[in-house]
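Okay, structure first, notes after.
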Amino acid sequence: SRPERVSTPSRQILSSPRSIGTMASVPASDLSKEQKDELLCTYAALILHDDGADITPEAMNSLIKASGCSVEAYWPTIMTKMIKNLGMEALIKMGSGGGGGGGSGG
């Protein structure tokens with residue numbers, strides 16, 4: 001059966017973990033509550049960053065609630081503090097995996 005698609009990316013991942021199997025080796029249904037909360041906050045931060053909006057706990061909570069999900073109250077605060085300390089661009093680069101270097105030209 002085909003998974004139901006929802007408009008919010010974080011909701012899609014949590015409601016139909018197999019729909020984007022190439023993004024992770026573990027289905028979202030196998031994640032712990034803490035891992036799901038972290039994933040929701042990560043997506044909320046990425047959406048806010050992409051929109052050019054301020055990444056605040058309130059803005060993250062609004063997006064998470066709009067997706068029909070919820071997280072422990074401390075997660076958005078922790079995430080926004082980390083983003084303020086390290087910068088969103090640096091965090092995105094850290095999470096990109098980097099991959100192997102290109103072949104040498106010759």
Side-chain angles (χ1 to χ4, degrees):
S1 76
R2 186 164 209 155
E4 180 181 336
R5 299 246 179 213
V6 221
S7 62
T8 306
S10 57
R11 179 64 182 246
Q12 180 179 350
I13 287 173
L14 293 179
S15 65
S16 55
R18 300 274 183 213
S19 65
I20 34 185
T22 59
M23 287 186 67
S25 60
V26 177
S29 60
D30 291 349
L31 297 176
S32 69
K33 170 70 170 134
E34 284 187 344
Q35 291 169 322
K36 288 178 185 176
D37 285 1
E38 183 177 359
L39 184 63
L40 282 163
C41 287
T42 299
Y43 280 114
L46 287 168
I47 291 166
L48 292 166
H49 175 73
D50 190 52
D51 284 348
D54 289 336
I55 302 171
T56 65
E58 297 79 19
M60 290 177 74
N61 275 318
S62 291
L63 278 174
I64 292 165
K65 286 179 184 176
S67 74
C69 298
S70 64
V71 298
E72 294 292 334
Y74 60 86
W75 273 109
T77 302
I78 288 172
M79 293 292 277
T80 55
K81 284 182 181 180
M82 179 178 64
I83 292 164
K84 285 185 189 337
N85 288 335
L86 299 175
M88 196 64 185
E89 295 298 328
L91 290 169
I92 290 170
K93 287 178 185 175
M94 281 186 226
S96 68
S104 60

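Values below: all heavy atoms of this structure, side chains included; hydrogens, waters and symmetry mates excluded. In this chain, residues are counted from 1 in sequence order.
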Working to the nearest 0.5 angstrom, can you tell me the gap between [X] [atom1] and [Y] [atom2]?
X	Y	atom1	atom2	value
L46	I83	CG	CD1	8.0 Å
I78	E72	CD1	CD	10.5 Å
L63	E58	CG	CD	12.5 Å
M79	K84	CE	NZ	12.5 Å
L31	L39	CG	CG	6.5 Å

For residues [X] and [Y], report the shortest heavy-atom separation together with the two atoms involved.
X	Y	result
L48	A59	CD1-CB, 3.7 Å
E34	Y74	OE2-OH, 3.7 Å
C41	P76	SG-N, 3.9 Å
S70	L40	O-CD1, 4.0 Å
M60	I55	SD-CG2, 4.1 Å

Does [X] reach the side chain of [Y], with side-chain heavy atoms less than 4.5 Å apart?
X	Y	result
V26	Q35	no
D51	I47	yes
I92	H49	yes

(message) Between V71 and K36, is the side-chain contact (heavy atoms from CB on, under 4.5 Å) condition met? List the steps.
(response) CA-CA 8 Å; V71 298; K36 288 178 185 176; over 6 Å; no
(request) Decide if atom CG of N85 counts as having more than 12 heavy atoms of other residues, nucleotides or ligands within a radius under 6.0 Å. (result) yes
